[in-house]
Amino acid sequence: MSDAQPDLSHDQHAVRRQKLAELRAAGTDPFRASFTPTHSSAQALRAHVAGQDYTVAAAVGGRLVTIRDMGKSQFVKILDQDGQIQLYLKRDVVGEAAYAAFKRLDLGDIIGAEGTLFVTKSGEITLKVDRFVLLAKALRPLPEKWHGLSDPEQVYRQRYLDVIVNAESRARLLLRPRIVSHIRRFLEDRRFLELETPVLEATPGGAAARPFKTHHNALGADFFLRIATELRLKRMLVGGFDRVFEIGRIFRNEGVSRKHNPEFTMLEVYEAYSDYRGMMRLVRELLESLVRDVVRPADGSLRLRHAPSGQDIDFGAPWREVRYKDLIREATGDADWFARSKADKIAGAERLGLGVNPAWEEFEITNEIFSKRIEPTLIQPTFVTHLPRELCPLAKLTADDPSTIDVFELIIGGMEVAPAYSEQNDPDVQREMFERQAGEERQNIDQDFLLALEHGMPPAGGMGIGIDRLCILLTGAESIRDVILFPQLRPGAT
RNA sequence: GGGUCGAUAGCUCAAUGGUAGAGCAGCGUCCUUUUAAGUCGUUGGUUCUGGGUUCGAAUCCCAGUCGACCCA
(Lines give C-alpha, C1' and ligand atoms only; values in the text may rest on other atoms or scores of the structure.)
Protein backbone atom coordinates (compact mmCIF):
# COMPACT_ATOMS: atom_id res chain seq x y z
CA MET A 1 0.00 0.00 0.00
CA SER A 2 2.86 2.39 -0.51
CA ASP A 3 1.91 3.89 -3.85
CA ALA A 4 4.39 6.73 -4.18
CA GLN A 5 2.42 9.91 -4.83
CA PRO A 6 4.23 12.10 -7.34
CA ASP A 7 5.63 15.18 -5.61
CA LEU A 8 3.64 18.09 -7.02
CA SER A 9 4.69 20.58 -4.34
CA HIS A 10 6.62 22.55 -6.95
CA ASP A 11 3.63 22.81 -9.27
CA GLN A 12 1.62 25.66 -7.83
CA HIS A 13 -1.27 25.13 -10.21
CA ALA A 14 -1.55 21.47 -9.17
CA VAL A 15 -1.26 22.34 -5.48
CA ARG A 16 -4.07 24.87 -5.75
CA ARG A 17 -6.27 22.52 -7.74
CA GLN A 18 -5.71 19.93 -5.02
CA LYS A 19 -6.77 22.44 -2.36
CA LEU A 20 -9.89 23.24 -4.38
CA ALA A 21 -10.70 19.54 -4.71
CA GLU A 22 -10.33 19.10 -0.95
CA LEU A 23 -12.67 22.02 -0.29
CA ARG A 24 -15.28 20.56 -2.61
CA ALA A 25 -14.88 17.12 -1.08
CA ALA A 26 -15.56 18.71 2.29
CA GLY A 27 -18.75 20.24 0.94
CA THR A 28 -17.76 23.86 0.33
CA ASP A 29 -17.58 25.33 -3.15
CA PRO A 30 -15.86 28.73 -3.05
CA PHE A 31 -17.33 29.69 -6.37
CA ARG A 32 -20.84 29.42 -5.00
CA ALA A 33 -20.29 31.41 -1.83
CA SER A 34 -21.86 34.82 -1.40
CA PHE A 35 -20.75 37.79 0.61
CA THR A 36 -21.69 41.46 0.66
CA PRO A 37 -19.09 43.99 1.80
CA THR A 38 -20.27 46.87 3.94
CA HIS A 39 -17.15 48.93 3.21
CA SER A 40 -14.49 49.21 0.56
CA SER A 41 -10.96 49.10 1.89
CA ALA A 42 -10.70 52.89 1.84
CA GLN A 43 -14.12 53.33 3.43
CA ALA A 44 -13.18 50.92 6.20
CA LEU A 45 -9.93 52.78 6.88
CA ARG A 46 -11.89 56.02 7.15
CA ALA A 47 -14.52 54.41 9.36
CA HIS A 48 -12.09 53.68 12.16
CA VAL A 49 -12.49 56.09 15.08
CA ALA A 50 -9.24 57.11 16.72
CA GLY A 51 -8.93 55.80 20.24
CA GLN A 52 -11.92 53.48 19.88
CA ASP A 53 -10.46 50.18 18.74
CA TYR A 54 -12.73 47.15 18.23
CA THR A 55 -15.91 49.25 18.20
CA VAL A 56 -16.50 49.81 14.48
CA ALA A 57 -17.61 46.74 12.54
CA ALA A 58 -16.88 46.28 8.84
CA ALA A 59 -17.10 43.63 6.16
CA VAL A 60 -14.62 43.86 3.30
CA GLY A 61 -13.88 41.76 0.24
CA GLY A 62 -10.81 41.52 -1.93
CA ARG A 63 -7.86 39.55 -3.21
CA LEU A 64 -5.21 38.26 -0.82
CA VAL A 65 -1.98 39.96 -1.84
CA THR A 66 0.15 39.65 1.29
CA ILE A 67 0.27 36.87 3.89
CA ARG A 68 2.34 37.08 7.05
CA ASP A 69 1.82 33.85 8.92
CA MET A 70 2.96 34.07 12.54
CA GLY A 71 1.92 30.66 13.75
CA LYS A 72 -1.21 31.17 15.77
CA SER A 73 -2.04 34.53 14.20
CA GLN A 74 -1.66 36.08 10.80
CA PHE A 75 -1.48 39.49 9.23
CA VAL A 76 -2.69 39.52 5.64
CA LYS A 77 -3.65 42.21 3.17
CA ILE A 78 -6.43 42.23 0.65
CA LEU A 79 -6.74 44.43 -2.42
CA ASP A 80 -9.97 45.89 -3.75
CA GLN A 81 -10.75 48.72 -6.18
CA ASP A 82 -9.85 51.36 -3.60
CA GLY A 83 -6.59 49.78 -2.48
CA GLN A 84 -5.43 47.55 0.34
CA ILE A 85 -6.48 46.92 3.89
CA GLN A 86 -4.75 44.74 6.45
CA LEU A 87 -6.61 41.93 8.17
CA TYR A 88 -5.57 40.32 11.47
CA LEU A 89 -6.60 36.77 12.30
CA LYS A 90 -6.13 35.05 15.65
CA ARG A 91 -6.72 31.38 16.13
CA ASP A 92 -8.34 32.10 19.50
CA VAL A 93 -10.82 34.43 17.84
CA VAL A 94 -11.90 32.57 14.72
CA GLY A 95 -11.60 29.09 16.18
CA GLU A 96 -9.38 26.15 15.43
CA ALA A 97 -11.15 24.82 12.33
CA ALA A 98 -11.58 28.20 10.63
CA TYR A 99 -8.00 29.08 11.41
CA ALA A 100 -6.76 25.87 9.82
CA ALA A 101 -8.91 26.62 6.78
CA PHE A 102 -7.43 30.12 6.57
CA LYS A 103 -3.94 28.64 6.56
CA ARG A 104 -4.91 26.68 3.45
CA LEU A 105 -5.59 29.92 1.54
CA ASP A 106 -3.16 31.10 -1.12
CA LEU A 107 -1.95 34.46 -2.35
CA GLY A 108 -4.41 35.53 -5.00
CA ASP A 109 -7.49 33.99 -3.40
CA ILE A 110 -10.49 36.28 -3.14
CA ILE A 111 -12.07 36.39 0.29
CA GLY A 112 -14.62 38.26 2.32
CA ALA A 113 -13.96 39.10 5.96
CA GLU A 114 -15.90 40.75 8.74
CA GLY A 115 -14.73 41.98 12.09
CA THR A 116 -13.86 45.18 13.92
CA LEU A 117 -11.31 47.88 13.24
CA PHE A 118 -8.28 48.62 15.41
CA VAL A 119 -4.81 50.13 15.16
CA THR A 120 -1.72 47.94 15.40
CA LYS A 121 1.38 48.74 17.43
CA SER A 122 2.98 50.22 14.35
CA GLY A 123 -0.04 52.39 13.66
CA GLU A 124 -1.81 50.63 10.80
CA ILE A 125 -5.60 50.54 10.81
CA THR A 126 -6.48 46.87 10.58
CA LEU A 127 -9.58 44.69 10.57
CA LYS A 128 -9.58 42.10 13.35
CA VAL A 129 -11.39 39.25 11.67
CA ASP A 130 -14.22 37.39 13.36
CA ARG A 131 -15.36 35.47 10.28
CA PHE A 132 -14.14 35.04 6.74
CA VAL A 133 -15.29 33.26 3.60
CA LEU A 134 -13.42 32.12 0.49
CA LEU A 135 -15.20 33.61 -2.53
CA ALA A 136 -12.94 32.52 -5.38
CA LYS A 137 -9.99 30.18 -5.40
CA ALA A 138 -7.04 31.46 -7.44
CA LEU A 139 -5.68 28.44 -9.28
CA ARG A 140 -2.74 30.39 -10.68
CA PRO A 141 -0.05 32.14 -8.61
CA LEU A 142 0.42 35.90 -8.67
CA PRO A 143 3.62 37.41 -10.09
CA GLU A 144 6.43 38.17 -7.66
CA LYS A 145 5.46 40.55 -4.89
CA TRP A 146 8.42 42.91 -4.87
CA HIS A 147 9.45 43.30 -8.52
CA GLY A 148 5.92 42.82 -9.79
CA LEU A 149 5.36 41.95 -13.41
CA SER A 150 7.80 43.52 -15.84
CA ASP A 151 7.60 41.49 -19.04
CA PRO A 152 5.87 44.06 -21.28
CA GLU A 153 4.08 41.43 -23.30
CA GLN A 154 2.54 39.86 -20.23
CA VAL A 155 1.73 43.30 -18.81
CA TYR A 156 -0.37 44.03 -21.91
CA ARG A 157 -1.87 40.62 -22.52
CA GLN A 158 -2.64 39.95 -18.85
CA ARG A 159 -3.35 43.49 -17.73
CA TYR A 160 -5.39 42.15 -14.82
CA LEU A 161 -2.13 40.86 -13.30
CA ASP A 162 -0.31 44.12 -13.97
CA VAL A 163 -2.86 46.15 -12.02
CA ILE A 164 -2.86 43.67 -9.14
CA VAL A 165 0.89 43.72 -8.57
CA ASN A 166 2.16 46.96 -10.12
CA ALA A 167 1.02 49.94 -8.08
CA GLU A 168 2.12 52.46 -10.69
CA SER A 169 0.15 50.80 -13.47
CA ARG A 170 -2.81 50.58 -11.19
CA ALA A 171 -2.69 54.28 -10.27
CA ARG A 172 -2.22 55.31 -13.90
CA LEU A 173 -5.05 53.18 -15.20
CA LEU A 174 -7.35 54.30 -12.41
CA LEU A 175 -6.63 57.92 -13.29
CA ARG A 176 -7.91 57.56 -16.83
CA PRO A 177 -11.58 56.92 -15.95
CA ARG A 178 -11.40 59.86 -13.57
CA ILE A 179 -10.05 62.06 -16.35
CA VAL A 180 -12.85 61.00 -18.69
CA SER A 181 -15.45 61.45 -15.99
CA HIS A 182 -14.15 64.94 -15.24
CA ILE A 183 -14.31 65.88 -18.91
CA ARG A 184 -17.95 64.77 -19.08
CA ARG A 185 -18.88 66.76 -16.01
CA PHE A 186 -16.94 69.80 -17.21
CA LEU A 187 -18.79 69.82 -20.52
CA GLU A 188 -22.20 68.96 -19.10
CA ASP A 189 -21.82 71.81 -16.62
CA ARG A 190 -21.52 74.06 -19.68
CA ARG A 191 -24.71 72.70 -21.30
CA PHE A 192 -22.96 70.39 -23.74
CA LEU A 193 -24.86 67.25 -24.78
CA GLU A 194 -23.07 63.94 -25.12
CA LEU A 195 -24.14 62.34 -28.40
CA GLU A 196 -23.54 58.90 -29.83
CA THR A 197 -22.95 58.59 -33.56
CA PRO A 198 -22.33 55.51 -35.71
CA VAL A 199 -19.06 53.61 -35.71
CA LEU A 200 -19.99 51.92 -39.01
CA GLU A 201 -20.02 54.40 -41.86
CA ALA A 202 -20.48 54.11 -45.59
CA THR A 203 -18.12 57.03 -46.20
CA PRO A 204 -15.41 57.56 -43.60
CA GLY A 205 -14.63 61.25 -43.27
CA GLY A 206 -13.54 64.06 -41.01
CA ALA A 207 -9.87 63.14 -41.16
CA ALA A 208 -7.20 61.89 -43.52
CA ALA A 209 -6.53 58.29 -42.52
CA ARG A 210 -6.81 54.77 -43.86
CA PRO A 211 -9.94 53.12 -42.50
CA PHE A 212 -10.72 49.57 -41.45
CA LYS A 213 -13.18 47.94 -43.80
CA THR A 214 -15.92 45.54 -42.87
CA HIS A 215 -19.09 44.14 -44.40
CA HIS A 216 -22.73 44.07 -43.39
CA ASN A 217 -24.32 40.85 -44.58
CA ALA A 218 -28.01 41.71 -44.45
CA LEU A 219 -27.54 45.05 -46.16
CA GLY A 220 -25.09 43.53 -48.61
CA ALA A 221 -22.86 46.56 -48.22
CA ASP A 222 -19.30 47.37 -47.22
CA PHE A 223 -18.81 49.69 -44.31
CA PHE A 224 -15.85 51.43 -42.74
CA LEU A 225 -15.06 51.97 -39.09
CA ARG A 226 -15.15 55.69 -38.43
CA ILE A 227 -11.92 57.69 -38.51
CA ALA A 228 -13.51 60.72 -36.80
CA THR A 229 -16.86 61.77 -35.40
CA GLU A 230 -16.71 65.26 -36.89
CA LEU A 231 -19.11 65.06 -39.81
CA ARG A 232 -21.85 63.35 -37.81
CA LEU A 233 -21.65 65.82 -34.95
CA LYS A 234 -21.77 68.77 -37.33
CA ARG A 235 -24.94 67.36 -38.87
CA MET A 236 -26.46 67.74 -35.42
CA LEU A 237 -25.34 71.38 -35.29
CA VAL A 238 -27.45 71.73 -38.44
CA GLY A 239 -30.23 70.05 -36.50
CA GLY A 240 -30.06 72.70 -33.82
CA PHE A 241 -28.17 70.82 -31.15
CA ASP A 242 -25.96 73.80 -30.32
CA ARG A 243 -23.46 72.34 -27.89
CA VAL A 244 -22.50 68.75 -28.47
CA PHE A 245 -19.67 66.37 -27.82
CA GLU A 246 -18.79 62.74 -28.23
CA ILE A 247 -16.14 60.68 -26.50
CA GLY A 248 -15.80 58.02 -29.10
CA ARG A 249 -13.62 55.16 -30.18
CA ILE A 250 -11.86 55.95 -33.46
CA PHE A 251 -10.19 53.40 -35.73
CA ARG A 252 -7.30 54.10 -38.07
CA ASN A 253 -5.66 51.37 -40.09
CA GLU A 254 -2.13 52.68 -39.71
CA GLY A 255 1.09 51.96 -37.87
CA VAL A 256 1.39 50.98 -34.24
CA SER A 257 3.89 52.93 -32.17
CA ARG A 258 4.43 54.54 -28.80
CA LYS A 259 2.00 57.24 -29.87
CA HIS A 260 -0.38 55.24 -32.04
CA ASN A 261 -2.86 52.46 -31.33
CA PRO A 262 -5.17 51.31 -34.14
CA GLU A 263 -8.16 52.14 -31.98
CA PHE A 264 -8.11 55.13 -29.71
CA THR A 265 -10.46 57.51 -28.00
CA MET A 266 -11.22 60.99 -29.24
CA LEU A 267 -13.20 63.76 -27.66
CA GLU A 268 -14.82 66.05 -30.20
CA VAL A 269 -16.66 69.17 -29.05
CA TYR A 270 -18.76 71.56 -31.14
CA GLU A 271 -20.21 74.82 -29.94
CA ALA A 272 -22.49 76.87 -32.17
CA TYR A 273 -22.04 80.64 -32.18
CA SER A 274 -18.44 80.21 -31.05
CA ASP A 275 -15.18 79.97 -32.99
CA TYR A 276 -11.61 78.80 -32.58
CA ARG A 277 -10.91 81.54 -30.04
CA GLY A 278 -13.80 80.30 -27.94
CA MET A 279 -12.28 76.83 -28.15
CA MET A 280 -9.00 78.24 -26.81
CA ARG A 281 -10.72 79.42 -23.67
CA LEU A 282 -12.62 76.16 -23.33
CA VAL A 283 -9.61 73.88 -23.72
CA ARG A 284 -7.51 75.95 -21.39
CA GLU A 285 -10.16 75.89 -18.67
CA LEU A 286 -10.61 72.15 -19.21
CA LEU A 287 -6.91 71.30 -18.95
CA GLU A 288 -6.32 73.58 -15.98
CA SER A 289 -9.21 71.99 -14.12
CA LEU A 290 -7.97 68.51 -14.99
CA VAL A 291 -4.57 69.28 -13.53
CA ARG A 292 -6.01 71.04 -10.52
CA ASP A 293 -8.85 68.66 -9.64
CA VAL A 294 -7.86 65.28 -11.03
CA VAL A 295 -4.07 65.07 -11.20
CA ARG A 296 -3.62 67.32 -8.15
CA PRO A 297 0.14 67.97 -8.12
CA ALA A 298 1.47 67.47 -4.60
CA ASP A 299 2.87 71.00 -4.32
CA GLY A 300 -0.49 72.59 -5.07
CA SER A 301 0.80 74.12 -8.31
CA LEU A 302 -0.39 73.43 -11.84
CA ARG A 303 2.99 72.04 -12.87
CA LEU A 304 3.48 68.54 -14.23
CA ARG A 305 6.82 66.82 -14.64
CA HIS A 306 7.65 66.09 -18.28
CA ALA A 307 10.34 63.44 -18.12
CA PRO A 308 11.43 63.36 -21.80
CA SER A 309 12.40 67.05 -21.76
CA GLY A 310 13.30 67.27 -18.09
CA GLN A 311 11.02 70.30 -17.83
CA ASP A 312 7.98 71.02 -15.71
CA ILE A 313 4.95 71.83 -17.83
CA ASP A 314 3.26 74.78 -16.17
CA PHE A 315 -0.45 74.87 -16.95
CA GLY A 316 -0.86 77.91 -14.70
CA ALA A 317 1.52 80.22 -16.57
CA PRO A 318 0.32 82.21 -19.60
CA TRP A 319 -0.08 79.96 -22.63
CA ARG A 320 1.93 80.97 -25.66
CA GLU A 321 0.08 81.77 -28.86
CA VAL A 322 2.03 81.89 -32.10
CA ARG A 323 1.27 81.71 -35.79
CA TYR A 324 2.39 78.66 -37.71
CA LYS A 325 4.07 80.78 -40.37
CA ASP A 326 6.06 82.69 -37.76
CA LEU A 327 7.34 79.42 -36.27
CA ILE A 328 8.41 78.26 -39.73
CA ARG A 329 10.16 81.55 -40.47
CA GLU A 330 11.94 81.32 -37.14
CA ALA A 331 13.00 77.69 -37.60
CA THR A 332 14.25 78.24 -41.14
CA GLY A 333 15.73 81.66 -40.47
CA ASP A 334 14.01 82.76 -43.67
CA ALA A 335 11.54 85.67 -43.45
CA ASP A 336 10.43 85.02 -47.03
CA TRP A 337 10.08 81.25 -46.69
CA PHE A 338 6.55 81.15 -48.03
CA ALA A 339 7.54 83.06 -51.16
CA ARG A 340 10.35 80.62 -51.99
CA SER A 341 10.25 78.10 -54.80
CA LYS A 342 9.70 74.44 -54.12
CA ALA A 343 13.40 73.79 -54.88
CA ASP A 344 14.39 76.39 -52.28
CA LYS A 345 12.08 74.77 -49.73
CA ILE A 346 13.56 71.33 -50.37
CA ALA A 347 17.03 72.81 -49.90
CA GLY A 348 15.87 74.57 -46.74
CA ALA A 349 14.48 71.36 -45.27
CA GLU A 350 17.70 69.56 -46.08
CA ARG A 351 19.70 72.28 -44.33
CA LEU A 352 17.68 71.33 -41.24
CA GLY A 353 18.72 67.71 -41.67
CA LEU A 354 15.41 66.54 -43.08
CA GLY A 355 15.07 64.20 -46.01
CA VAL A 356 12.11 65.21 -48.14
CA ASN A 357 10.38 63.42 -50.95
CA PRO A 358 10.54 65.60 -54.10
CA ALA A 359 7.03 64.39 -54.95
CA TRP A 360 5.63 66.14 -51.89
CA GLU A 361 3.54 69.27 -52.18
CA GLU A 362 5.17 72.44 -50.88
CA PHE A 363 2.95 72.56 -47.81
CA GLU A 364 4.00 69.01 -46.99
CA ILE A 365 7.67 69.98 -47.08
CA THR A 366 6.97 72.93 -44.81
CA ASN A 367 4.89 70.78 -42.50
CA GLU A 368 7.69 68.25 -42.24
CA ILE A 369 9.78 71.05 -40.73
CA PHE A 370 6.96 71.82 -38.34
CA SER A 371 6.41 68.28 -37.14
CA LYS A 372 10.08 67.27 -36.95
CA ARG A 373 11.87 70.43 -35.91
CA ILE A 374 9.29 72.63 -34.19
CA GLU A 375 6.58 70.55 -32.58
CA PRO A 376 8.96 68.44 -30.44
CA THR A 377 10.44 71.62 -28.96
CA LEU A 378 7.08 73.04 -27.81
CA ILE A 379 6.96 71.68 -24.28
CA GLN A 380 4.93 74.38 -22.54
CA PRO A 381 1.29 74.69 -23.66
CA THR A 382 1.37 76.46 -27.02
CA PHE A 383 -1.44 77.44 -29.35
CA VAL A 384 -0.08 77.28 -32.88
CA THR A 385 -2.58 79.22 -34.98
CA HIS A 386 -3.39 79.87 -38.62
CA LEU A 387 -2.14 76.69 -40.22
CA PRO A 388 -1.97 76.41 -44.03
CA ARG A 389 -5.39 75.74 -45.50
CA GLU A 390 -4.22 72.51 -47.13
CA LEU A 391 -3.79 70.91 -43.73
CA CYS A 392 -7.47 70.94 -42.97
CA PRO A 393 -10.39 71.25 -45.39
CA LEU A 394 -13.03 71.66 -42.68
CA ALA A 395 -12.05 75.04 -41.25
CA LYS A 396 -12.88 78.61 -42.17
CA LEU A 397 -10.35 80.56 -44.20
CA THR A 398 -8.65 83.42 -42.40
CA ALA A 399 -10.28 86.72 -43.45
CA ASP A 400 -7.07 88.63 -44.18
CA ASP A 401 -5.02 85.65 -45.44
CA PRO A 402 -6.98 83.01 -47.35
CA SER A 403 -3.87 80.81 -47.53
CA THR A 404 -4.42 79.99 -43.87
CA ILE A 405 -7.34 78.86 -41.79
CA ASP A 406 -8.81 80.01 -38.47
CA VAL A 407 -7.56 77.16 -36.37
CA PHE A 408 -5.18 76.33 -33.62
CA GLU A 409 -3.18 73.26 -32.81
CA LEU A 410 -2.52 72.98 -29.08
CA ILE A 411 0.92 71.48 -28.49
CA ILE A 412 2.01 70.35 -25.04
CA GLY A 413 5.03 68.27 -24.18
CA GLY A 414 6.03 68.23 -27.85
CA MET A 415 2.79 66.45 -28.74
CA GLU A 416 -0.38 67.50 -30.55
CA VAL A 417 -3.04 67.51 -27.89
CA ALA A 418 -5.95 69.40 -29.42
CA PRO A 419 -6.69 70.81 -32.84
CA ALA A 420 -9.58 73.28 -33.03
CA TYR A 421 -11.25 75.23 -35.81
CA SER A 422 -13.67 77.89 -36.66
CA GLU A 423 -15.81 75.38 -38.51
CA GLN A 424 -16.43 75.86 -42.20
CA ASN A 425 -20.17 76.34 -42.72
CA ASP A 426 -20.22 77.67 -46.30
CA PRO A 427 -21.44 74.65 -48.32
CA ASP A 428 -19.88 75.91 -51.55
CA VAL A 429 -16.43 76.54 -50.05
CA GLN A 430 -16.68 73.23 -48.23
CA ARG A 431 -17.47 71.39 -51.46
CA GLU A 432 -14.54 73.05 -53.19
CA MET A 433 -12.16 72.14 -50.36
CA PHE A 434 -13.35 68.53 -50.40
CA GLU A 435 -12.95 68.27 -54.16
CA ARG A 436 -9.49 69.76 -54.08
CA GLN A 437 -8.46 67.29 -51.37
CA ALA A 438 -10.13 64.26 -52.91
CA GLY A 439 -8.58 64.78 -56.33
CA GLU A 440 -9.46 61.76 -58.44
CA GLU A 441 -11.23 59.99 -55.60
CA ARG A 442 -14.39 62.06 -55.62
CA GLN A 443 -16.54 59.12 -54.65
CA ASN A 444 -15.03 59.49 -51.17
CA ILE A 445 -16.70 62.86 -50.66
CA ASP A 446 -19.48 62.77 -48.10
CA GLN A 447 -22.27 64.23 -50.23
CA ASP A 448 -24.81 63.78 -47.49
CA PHE A 449 -22.76 66.05 -45.24
CA LEU A 450 -22.68 68.73 -47.96
CA LEU A 451 -26.45 68.42 -48.28
CA ALA A 452 -26.72 69.01 -44.54
CA LEU A 453 -24.55 72.13 -44.82
CA GLU A 454 -26.85 73.48 -47.52
CA HIS A 455 -29.61 73.42 -44.94
CA GLY A 456 -27.51 75.87 -42.93
CA MET A 457 -25.06 75.15 -40.12
CA PRO A 458 -24.60 77.87 -37.52
CA PRO A 459 -21.13 79.33 -37.15
CA ALA A 460 -19.32 77.16 -34.65
CA GLY A 461 -16.07 76.37 -32.94
CA GLY A 462 -14.98 72.76 -32.81
CA MET A 463 -12.20 70.90 -31.13
CA GLY A 464 -10.78 67.41 -30.89
CA ILE A 465 -8.73 66.01 -28.04
CA GLY A 466 -7.00 62.67 -28.21
CA ILE A 467 -7.90 61.21 -24.84
CA ASP A 468 -5.07 58.70 -24.92
CA ARG A 469 -2.42 61.34 -25.53
CA LEU A 470 -4.00 63.56 -22.93
CA CYS A 471 -3.68 60.69 -20.47
CA ILE A 472 -0.03 60.19 -21.45
CA LEU A 473 0.56 63.84 -20.64
CA LEU A 474 -1.38 63.88 -17.38
CA THR A 475 0.00 60.59 -16.04
CA GLY A 476 3.58 61.02 -17.24
CA ALA A 477 3.32 57.75 -19.18
CA GLU A 478 5.97 56.89 -21.76
CA SER A 479 3.73 55.13 -24.25
CA ILE A 480 0.11 55.07 -25.38
CA ARG A 481 0.16 51.42 -24.37
CA ASP A 482 0.55 52.48 -20.76
CA VAL A 483 -2.80 54.30 -20.75
CA ILE A 484 -4.78 51.75 -22.79
CA LEU A 485 -5.93 48.71 -20.83
CA PHE A 486 -5.46 46.24 -23.67
CA PRO A 487 -3.26 47.74 -26.39
CA GLN A 488 -3.35 46.05 -29.77
CA LEU A 489 -0.84 43.23 -30.11
CA ARG A 490 -0.39 40.46 -32.61
CA PRO A 491 -2.60 37.53 -31.76
CA GLY A 492 -0.41 35.15 -29.81
CA ALA A 493 -0.34 32.57 -27.09
CA THR A 494 -0.94 33.93 -23.62
C1' G B 1 8.17 47.38 -44.32
C1' G B 2 13.79 48.05 -42.53
C1' G B 3 17.39 47.98 -38.42
C1' U B 4 18.87 46.89 -33.27
C1' C B 5 17.88 44.20 -28.90
C1' G B 6 15.31 40.45 -26.15
C1' A B 7 12.67 35.43 -24.75
C1' U B 8 16.21 30.66 -19.06
C1' A B 9 11.77 27.80 -12.77
C1' G B 10 5.01 30.59 -11.42
C1' C B 11 7.52 35.85 -11.19
C1' U B 12 12.27 38.96 -11.12
C1' C B 13 16.95 37.82 -12.81
C1' A B 14 22.18 35.07 -13.11
C1' A B 15 25.08 31.55 -15.88
C1' U B 16 29.40 34.43 -22.55
C1' G B 17 31.27 26.62 -25.75
C1' G B 18 32.32 22.33 -20.53
C1' U B 19 27.52 19.51 -14.20
C1' A B 20 21.60 25.44 -15.66
C1' G B 21 21.75 28.89 -10.32
C1' A B 22 19.74 32.86 -6.79
C1' G B 23 15.73 35.82 -4.56
C1' C B 24 10.52 35.81 -4.09
C1' A B 25 6.51 32.31 -4.63
C1' G B 26 5.56 26.86 -3.55
C1' C B 27 6.09 22.48 -0.06
C1' G B 28 7.39 20.99 5.34
C1' U B 29 8.74 23.11 10.52
C1' C B 30 9.00 27.19 14.61
C1' C B 31 6.72 31.81 16.01
C1' U B 32 -0.45 35.21 18.93
C1' U B 33 0.87 42.98 16.72
C1' U B 34 3.67 41.76 11.35
C1' U B 35 5.21 45.86 7.41
C1' A B 36 9.60 43.07 1.20
C1' A B 37 8.06 39.98 8.73
C1' G B 38 11.62 36.55 10.81
C1' U B 39 13.47 31.21 11.35
C1' C B 40 15.19 26.07 9.86
C1' G B 41 14.76 22.63 5.90
C1' U B 42 13.25 21.57 0.86
C1' U B 43 10.96 20.71 -4.28
C1' G B 44 10.99 22.73 -8.94
C1' G B 45 13.82 23.42 -16.01
C1' U B 46 11.13 20.98 -23.53
C1' U B 47 16.78 27.41 -21.54
C1' C B 48 10.47 30.40 -27.15
C1' U B 49 10.03 26.76 -31.66
C1' G B 50 12.54 24.06 -35.69
C1' G B 51 17.03 23.08 -38.10
C1' G B 52 22.55 23.35 -38.21
C1' U B 53 27.92 23.67 -36.40
C1' U B 54 30.65 21.03 -32.45
C1' C B 55 33.40 15.64 -28.75
C1' G B 56 30.03 18.99 -26.13
C1' A B 57 25.18 24.48 -27.23
C1' A B 58 21.10 28.47 -22.73
C1' U B 59 25.65 30.35 -25.09
C1' C B 60 27.79 30.06 -32.04
C1' C B 61 24.99 29.94 -37.15
C1' C B 62 20.18 29.77 -40.14
C1' A B 63 14.83 30.06 -40.28
C1' G B 64 10.41 31.05 -37.69
C1' U B 65 7.03 32.97 -33.53
C1' C B 66 6.13 36.81 -30.02
C1' G B 67 7.74 41.40 -27.76
C1' A B 68 10.57 46.18 -26.94
C1' C B 69 13.10 50.29 -29.07
C1' C B 70 14.57 53.23 -33.40
C1' C B 71 13.57 54.39 -38.55
C1' A B 72 9.98 54.64 -42.79
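All values derive from a computational prediction rather than experimental measurement. Here is how names work: the chains are called A, B, and so on, in the same order as the sequence lines, proteins then strands, and each is numbered from 1.
The base of U33(B) sits within donor-acceptor range of the side chain of Tyr54(A), with an N or O pair under 3.5 Å. For A25(B), the base has a donor-acceptor partner in the side chain of Gln12(A) [N/O atoms by modelled type, under 3.5 angstrom].
Note on residues 82-101 of chain A: pairs passing salt bridge (charged side-chain N to carboxylate O under 4.0 Å, His left out), not counting sequence neighbours, are Arg91(A)-Glu96(A).
Comparing the P positions of U19(B) and U59(B) gives an interatomic distance of 14 Å, to the nearest angstrom. For the C1' atoms, the distance from A37(B) to A25(B) is 15 Å, rounded to whole Å. For G44(B) and G10(B), the C1' atoms lie 10 Å apart once the distance is rounded to whole Å. Taking atom C1' in both G3(B) and A9(B), one finds a spacing of 33 Å when rounded to whole Å. The separation of C61(B) from U16(B), taken at their P atoms, amounts to 16 Å, rounded to a whole angstrom. Using C1' as the reference atom, C66(B) and G50(B) are 15 Å apart when rounded to the nearest Å.
Taking the six-membered ring where the residue is Trp, the centroids of Phe102(A) and Phe132(A) are separated by under 6.0 Å.
Side-chain atoms of Tyr88(A) and Gln86(A) form no donor-acceptor pair, as typed in the model, at a separation below 3.5 Å.
Contacts between residues 119-128 of chain A and RNA chain B, defined by a heavy-atom separation under 4.0 Å, are made by Thr120(A), Lys121(A), Ser122(A), Glu124(A). Non-hydrogen atoms lying under 4.0 Å from RNA chain B are contributed by Gly71(A), Lys72(A), Ser73(A), Phe75(A), Lys77(A), all within residues 71-78 of chain A.
Between the CG atom of Asp69(A) and the C1' atom of U33(B) there is a distance of 14 Å, rounded to whole Å. Between Leu161(A) atom CG and C11(B) atom P the separation is 10 Å, expressed in whole Å. If you measure from atom CD of Gln154(A) to atom P of C13(B), you get 11 Å, rounded to the nearest angstrom. Per the geometry, OH belonging to Tyr88(A) stands 5 Å off C1' belonging to U33(B), to the nearest Å. Per the geometry, NE2 belonging to His147(A) stands 18 Å off P belonging to G10(B), to the nearest Å.
Ion pairing between a basic and an acidic side chain is recognised when a charged N comes within 4.0 Å of a carboxylate O; Asp106(A) and Lys137(A) show such pairing. Taking the charged nitrogens against the carboxylate oxygens, Arg340(A) and Glu362(A) have no contact shorter than 4.0 Å, which rules out a salt bridge.
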Can you check nucleotides 42-45 of chain B for protein contacts, nitrogen or oxygen pairs under 3.5 Å, and list what you find?
from	atom 1	to	atom 2	distance (Å)
U43(B)	O2'	Asp7(A)	OD2	3.1
G44(B)	O2'	His10(A)	ND1	3.3

Show each protein N/O and nucleotides 46-48 of chain B N/O combination with a separation under 3.5 Å, one pair to a line.
none

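Relative ring orientation between Phe408(A) and Phe383(A) is described as perpendicular, the plane-to-plane angle rising above 60° on a 0-90° scale split at 30° and 60°.
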- Message: Dot-bracket, 5' to 3', for RNA chain B please: Watson-Crick or G-U pairs under 3.5 Å, [ ] where pairs cross earlier ones, | where the partner sits on another strand, dots elsewhere.
- Response: (((((((..((((....[..)))).(((.(.......).))).....(((((..]....)))))))))))).
